[in-house]
Amino acid sequence: MSVHDDLAAVQRCLDDLTRSVGRLEQRLGGGLEVRRVRTDADHLRESVALLRQAAAPAEPEQRPDLVTIPDTPYDTSLWQDSDDEGLGSRNRHAP
């Protein structure tokens with residue numbers, strides 16, 4: 001059996017368990033014991049859902065499109081109002 005088949009079998013058993021707990025709840029009422037069993041069954045359902053997610057084949061990581069950067073110099077007018085970091089202003093001397 002594959003992991004997928006095993007998880008499907010567990011899911012079927014959990015569905016049967018949920019139906020059985022529902023019938024017990026109707027016959028016995030909603031006492032503490034029945035509520036605990038229902039809560040445990042719900043926890044099992046959540047755990048199986050986590051197992052399904054973990055067993056699912058991971059999607060290949062999509063790489064972002066590459067952006068080519070030209071070798072030509074940038075337009076210097078883009079930096080007229082900025083300072084060179086750590087070197088001070090363009091027209092002043094560095095400390």
Side-chain angles (χ1 to χ4, degrees):
M1 278 182 125
S2 69
V3 172
H4 178 70
D5 294 337
D6 288 338
L7 286 172
V10 168
Q11 188 65 49
R12 283 191 302 274
C13 291
L14 274 174
D15 293 341
D16 291 341
L17 176 65
T18 302
R19 283 189 293 274
S20 298
V21 169
R23 287 191 300 264
L24 279 175
E25 193 170 21
Q26 288 176 352
R27 290 181 185 156
L28 299 176
L32 177 63
E33 294 82 9
V34 175
R35 285 190 311 218
R36 287 185 65 179
V37 171
R38 177 166 296 286
T39 301
D40 290 344
D42 290 341
H43 287 190
L44 282 172
R45 185 175 297 280
E46 292 171 5
S47 297
V48 169
L50 290 173
L51 277 176
R52 280 184 182 272
Q53 289 176 358
E59 294 181 18
E61 201 173 301
Q62 294 181 349
R63 294 177 57 190
D65 294 334
L66 297 178
V67 177
T68 56
I69 300 174
D71 289 334
T72 58
Y74 289 109
D75 182 12
T76 55
S77 66
L78 295 172
W79 292 279
Q80 284 182 354
D81 61 341
S82 67
D83 293 341
D84 292 329
E85 289 185 26
L87 298 178
S89 177
R90 185 180 303 243
N91 297 328
R92 289 185 265 164
H93 298 288

Tell me, with the steps shown, if L50 and Q53 meet side chain to side chain contact (heavy atoms under 4.5 Å, CB included).
CA-CA 5 Å; L50 290 173; Q53 289 176 358; 3.9 Å; yes
Hydrophobic side-chain clustering at under 4.5 Å (ILVMFWY, transitive links): who's grouped with L51? Put none if nobody.
V3, L7
Of the non-hydrogen atoms in L17 and A41, which two are nearest, and what is the gap between them?
CD2-CB, 4.0 Å
Linking directly or through intermediates, with side-chain heavy atoms under 4.5 Å: list the remaining ILVMFWY members grouped with L32, chain and number order.
none
Please list, chain by chain and in numerical order, all residues satisfying side-chain contact (heavy atoms from CB on, under 4.5 Å) with T18, sequence neighbours excluded.
R38, R45
The side-chain hydrogen bond (donor to acceptor under 3.5 Å, both in side chains) partners of S20 (sequence neighbours excluded) come to R23
State which residues pass side-chain hydrogen bond (donor to acceptor under 3.5 Å, both in side chains) with Q11; sequence neighbours excluded, sorted by chain then number.
D15
dist E25:CD -> R35:CZ (nearest 0.5 Å) comes out at 9.5 Å
Mind checking what makes side-chain contact (heavy atoms from CB on, under 4.5 Å) contact with L28, not counting sequence neighbours?
L24, V34
